[in-house]
Number of protein chains: 2
Amino acid sequence: MGKKETTIYDIARQLNLSPATVSRALHDHPAINRNTKVLITQKAKEMGYRTNTFARNLRRQRTNTLGVIVPRLNSYFMSTVLAGMEKVANEAAYNLIITQSLESAQKEIANAKTLFNSRVDGLLVSLAYDTEETEHFETYVKKGIPLLFFDRVLAHKQCTSIVINNEEAAFEAVTHLIAQGCRRVAHLTGDLRRNVYAERLAGYRRALTAHGLPYDETLVRTTDLSPEAGTEAAAWLQHLAPMPDGVFVANDSCAVSCIIALKQAGVQIPEQIAFAGFNNDPVSRVVEPNLTTVHYPGQQMGEIAVKTLINHLNGKESLDATNTIILRSELIARASSCRGKSL
Amino acid sequence: MGKKETTIYDIARQLNLSPATVSRALHDHPAINRNTKVLITQKAKEMGYRTNTFARNLRRQRTNTLGVIVPRLNSYFMSTVLAGMEKVANEAAYNLIITQSLESAQKEIANAKTLFNSRVDGLLVSLAYDTEETEHFETYVKKGIPLLFFDRVLAHKQCTSIVINNEEAAFEAVTHLIAQGCRRVAHLTGDLRRNVYAERLAGYRRALTAHGLPYDETLVRTTDLSPEAGTEAAAWLQHLAPMPDGVFVANDSCAVSCIIALKQAGVQIPEQIAFAGFNNDPVSRVVEPNLTTVHYPGQQMGEIAVKTLINHLNGKESLDATNTIILRSELIARASSCRGKSL
DNA sequence: TTGAAAGCGCTAACAA
DNA sequence: TTGTTAGCGCTTTCAA
């Protein structure tokens, strides 16, 4: 591997200064002569010096690194969140170590451990599908490492969460379907151990009740919300008797594949079945008819999550008081649910 | 922050052993007594010990961390690549520090520098739109830090690249359009400084020539390939006289929005204009008619990139001999380009 | 404004 | 199989 690294000792020797002075100059210490500083900076560049982050971290007991655990990297929503996180972290000179649990609690535990050993200054988590125990986060809490959950969060904890109001968003979506004339609304959801799905179900249920419609649990189907699940759900919908006249799906990609399968089977959307999805994924604007959905501010969520965490680390803003940050979501009505002429 | 950290010294003291023995036990050193090892492992767990990665890295002069620079995190293709990278890296106990250049050469340079200072063991790069100079990678080459480009790569360099055969893929796509009867094929491309777009253009051109069609540069439009660019391109296409009867677009999301805009304007797809895109993005299977496209093995590319890099780092396989790894891509013909009855 | 010196926690060469 | 010991490169207290 190439030549030996230049250290502050090398620079110090060349300049007949002490390593301490070099260290100070390189990190804008106030008590340092302007000229000395220029001299050192120049020499450092000339010699190809680069900070040894380990030595520095070892000494300072800080890493300037944040850990991230997400269920999957390659979903539209998540990659948007990550883009926001990276942006803010980068601007604040923090590194991001990103890991994915692939929806497995076991991998989530392993990742939490690895990141813990990597001595991240803080951790950002969106939970896997099947996480039940949360022992693996206790180590962080105990060490006083700030822990921030986003999207798929943990209830009843002393850590901060960033979410949208899923219950309300679902309520609005279903209310909208009902306003369009739906009287028998089905719901495709994900694993109910996750707040996002449980809350959307609750919103669905409340909307039905609020408009005098019965809650019928045979109209609720739990799936993994994949496109394949959408296709299967299309068959399921057609076998329900009578067929529902509206469907609220907890994510867009599943909704879209469901619509496509139904159309192939000759079902009219929205005339026979009206649809509403969730996330405002790009596919929602491509499917025909365009999918009504809930806009989920992913990039913003990522930005705020990291900003909040870093502010906390810098002592600018304590997280201890903040329990939950709720971002604004928004229903976007499109053709998949609109039966009137007005839209 | 919490209590003081447990070190191997603490464990050693409690067990009346030397730190060296503890260190060995904790890292599966061969010359260690089975019982001693069990003892130490247990004690370590009991005391809540965690490896201090800095101290370890500082000593070993290795970080087990790879740096990644991508143009954007939140594109379907890129998030798929990253998912593959994370999977392999994680399995091999490597961390991934992911950064995005946001298509800016300047940010790419800054990120390269940061990652360099983070002492990554290797770097994976897909170039920004407007990168011209590549000085910022020279530091890596000089230090002997392996550098691996993927997708948007650098020509004529002594580093390894992982790509697909863009020229050939484009040739096939355009040949397919011609086989469907297109005689006046337009092309929407990206910044031609990037190999992927230059090569796709070359393939487009070769296909025309191979089938006796003239190359007309007024039919080639350079854009940023965003959905918005697709919408604008739709207007442009309609103003060309005569209107082209086929379009090859260098990415799917741009192609899809172009199709949508054309349909709104009353243009029949594929009867009046046949379309082929690139990437096999999910939207390609949602748009109507479904978009003919080139399947790009993103996940696989990410996996192979990291696997190759790690093998090199472990001395299992040298990269010095390997200049380019070419993955297989595949044309997927769908309704957007098929005029015959056969499909 | 600068310097001397200690030590962050770990690993590896050498010794026993 | 285990122990001794010397740093890896940096920051920081204390002293000058």
Side-chain angles (χ1 to χ4, degrees), chain A residues 1-41 43-44 47-65 93 116-121 143, chain B residues 1-41 43-44 47-65 93 116-121 143:
Chain A
M1 298 260 180
K3 312 141 196 180
K4 270 250 290 294
E5 294 281 344
T6 306
T7 71
I8 51 171
Y9 284 89
D10 301 326
I11 300 176
R13 207 174 308 120
Q14 293 251 338
L15 257 31
N16 257 321
L17 286 167
S18 79
T21 307
V22 175
S23 169
R24 289 184 185 112
L26 259 21
H27 292 289
D28 291 321
H29 189 100
I32 199 90
N33 186 293
R34 270 186 73 77
N35 300 328
T36 324
K37 188 178 153 185
V38 172
L39 208 66
I40 291 175
T41 322
K43 197 70 177 176
M47 298 178 69
Y49 170 79
R50 58 171 174 167
T51 307
N52 185 321
T53 320
F54 310 128
R56 183 151 208 253
N57 287 340
L58 177 58
R59 202 32 238 244
R60 305 203 332 165
Q61 310 279 38
R62 250 187 101 162
T63 67
N64 263 66
T65 298
F116 187 70
N117 285 336
S118 295
R119 292 276 208 287
V120 294
D121 288 340
K143 286 274 186 222
Chain B
M1 298 261 177
K3 311 142 195 179
K4 267 249 291 294
E5 294 281 345
T6 305
T7 72
I8 50 172
Y9 285 90
D10 301 327
I11 300 176
R13 208 174 309 119
Q14 294 251 339
L15 258 30
N16 259 318
L17 287 167
S18 81
T21 306
V22 175
S23 170
R24 289 182 187 115
L26 259 21
H27 292 288
D28 291 322
H29 189 99
I32 197 90
N33 185 294
R34 269 185 74 76
N35 300 328
T36 325
K37 187 179 155 188
V38 172
L39 207 67
I40 291 175
T41 322
K43 198 70 177 178
M47 299 178 68
Y49 170 79
R50 57 171 174 167
T51 307
N52 186 321
T53 321
F54 311 128
R56 181 149 209 255
N57 288 341
L58 176 57
R59 191 47 230 244
R60 305 203 330 164
Q61 310 279 41
R62 255 187 96 161
T63 67
N64 265 69
T65 298
F116 187 70
N117 285 336
S118 295
R119 292 271 205 293
V120 293
D121 289 339
K143 287 271 185 224

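What's counted below: heavy atoms across the whole structure, side chains too, no hydrogens, waters or symmetry copies. What you are looking at is a predicted structure, and each value in this text was computed from that prediction instead of being measured. A note on names: the letters A, B, ... follow the listed sequences, proteins ahead of strands, and every chain is numbered from 1.
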Trainee: Taking the side chain from B:Thr7 and the backbone from B:Tyr9, do they hold a donor-acceptor pair closer than 3.5 Å?
Mentor: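 Here the side-chain-to-backbone pair exists.
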
Trainee: Just how far, in rounded Å, is C1' of D:dC10 from CZ of A:Phe54?
Mentor: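 Taking CZ of A:Phe54 and C1' of D:dC10, I get 13 Å after rounding.
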
Trainee: At less than 4.0 Å, is any side-chain N or O atom of B:Ser23 found next to OP1 or OP2 of C:dT11? Yes or no.
Mentor: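 Affirmative; the distance criterion is met.
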
Trainee: Are any non-hydrogen side-chain atoms of B:Ile11 and B:Gln14 less than 4.5 angstrom apart?
Mentor: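 No, too far: nothing below the 4.5 Å cut-off.
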
Trainee: Quiz question: going by heavy-atom distance under 3.5 Å, is there a donor-acceptor pair between the base of D:dG9 and the side chain of B:Arg59?
Mentor: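 Looking at the base of D:dG9, it does not pair with any donor or acceptor on the side chain of B:Arg59 (distance under 3.5 Å).
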
Trainee: Check every strand shown and say whether A:Ile32 touches a base, only sugar-phosphate, or nothing at a heavy-atom separation below 4.0 Å.
Mentor: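 Here A:Ile32 touches the backbone only, sparing every base.
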
Trainee: From the set C:dA4, D:dT1, C:dT11, return the single nucleotide nearest to any side-chain atom of B:Arg60.
Mentor: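 Of all the options, the side chain of B:Arg60 is nearest to C:dT11.
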
Trainee: Closest nucleotide of DNA chain C for A:Tyr9 versus for A:Thr21: which of these residues is on the 5' side?
Mentor: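 Taking each residue's closest nucleotide, the earlier one in sequence belongs to A:Thr21.
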
Trainee: May I have the distance from B:Ile11 (atom CD1) to C:dG9 (atom C1'), rounded to whole angstrom?
Mentor: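 About 12 Å, once rounded to whole Å.
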
Trainee: Given D:dC10, C:dT2, D:dG3, identify the nucleotide with an atom nearest to the side chain of A:Leu17.
Mentor: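 In terms of side-chain proximity for A:Leu17, the closest of D:dC10, C:dT2, D:dG3 is C:dT2.
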
Trainee: In terms of the nearest nucleotide of DNA chain D, which residue is placed more toward the 5' end: B:Arg34 or B:Arg119?
Mentor: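 Taking each residue's closest nucleotide, the earlier one in sequence belongs to B:Arg34.
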
Trainee: What nucleotide among D:dT12, C:dA13, C:dC10 has an atom nearest to a side-chain atom of B:Arg24?
Mentor: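 Selected nucleotide: C:dA13.
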
Trainee: Considering just the side-chain nitrogens and oxygens of A:Ser18, establish if one lies under 4.0 Å of OP1 or OP2 belonging to C:dG3.
Mentor: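 Indeed, a polar side-chain atom of A:Ser18 lies that close.
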
Trainee: Taking side chain to side chain contact (heavy atoms under 4.5 Å, CB included) as the criterion, tell me which of A:Leu26, A:Thr21, A:Val22 meets it with A:Ile32.
Mentor: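 Among A:Leu26, A:Thr21, A:Val22, the one that satisfies the side chain to side chain contact (heavy atoms under 4.5 Å, CB included) with A:Ile32 is A:Thr21.
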
Trainee: Take the protein atom NE2 of A:His29 and the nucleotide atom P of C:dT1, then report the distance between them rounded to whole Å.
Mentor: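 Rounded to the whole Å, the gap is 10 Å.
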
Trainee: Between A:Arg56 and D:dT11, is there a side-chain N or O to OP1/OP2 distance below 4.0 Å?
Mentor: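 For D:dT11, OP1 or OP2 has a side-chain N or O of A:Arg56 closer than 4.0 Å.
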
Trainee: Whole-Å distance between C:dT11 P and B:Asn52 CG?
Mentor: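 Roughly 9 Å, once rounded to whole Å.
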
Trainee: When the nearest nucleotide of DNA chain D is assigned to A:Thr53 and to B:Lys37 on a heavy-atom basis, which residue is associated with the more 5' position?
Mentor: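 Here B:Lys37 is the residue nearer the 5' end.
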
Trainee: So, B:Arg56 side chain and B:Arg62 main chain: donor-acceptor pair closer than 3.5 Å or not?
Mentor: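 No, because the side chain of B:Arg56 does not come within donor-acceptor range (under 3.5 Å) of the backbone of B:Arg62.
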
Trainee: Quick one: B:Gln61 CD to D:dC10 C1', roughly how many Å, whole number?
Mentor: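 In whole Å, D:dC10 C1' and B:Gln61 CD are 13 Å from each other.
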
Trainee: I want to verify a distance call: between D:dT1, C:dT2, C:dT11, whose nearest atom is closest to the A:Thr36 side chain?
Mentor: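 Between D:dT1, C:dT2, C:dT11, the one nearest the side chain of A:Thr36 would be C:dT2.
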
Trainee: Please name the residue in the list B:Thr65, B:Thr63, B:Asn57, B:Asn64 that meets the side chain to side chain donor-acceptor pair (under 3.5 Å) test with B:Asp121.
Mentor: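 When B:Thr65, B:Thr63, B:Asn57, B:Asn64 are each tested with B:Asp121, the side chain to side chain donor-acceptor pair (under 3.5 Å) holds only for B:Thr63.
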
Trainee: Nearest whole angstrom, please: distance from the C1' of C:dA5 to the CD1 of A:Ile8.
Mentor: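 Value for this atom pair: 13 Å.
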
Trainee: Using atom CG of B:Asn35 as one end and atom C1' of D:dT1 as the other, report the distance to the nearest whole Å.
Mentor: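 Taking atom C1' of D:dT1 as the reference, CG of B:Asn35 is at 12 Å.
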
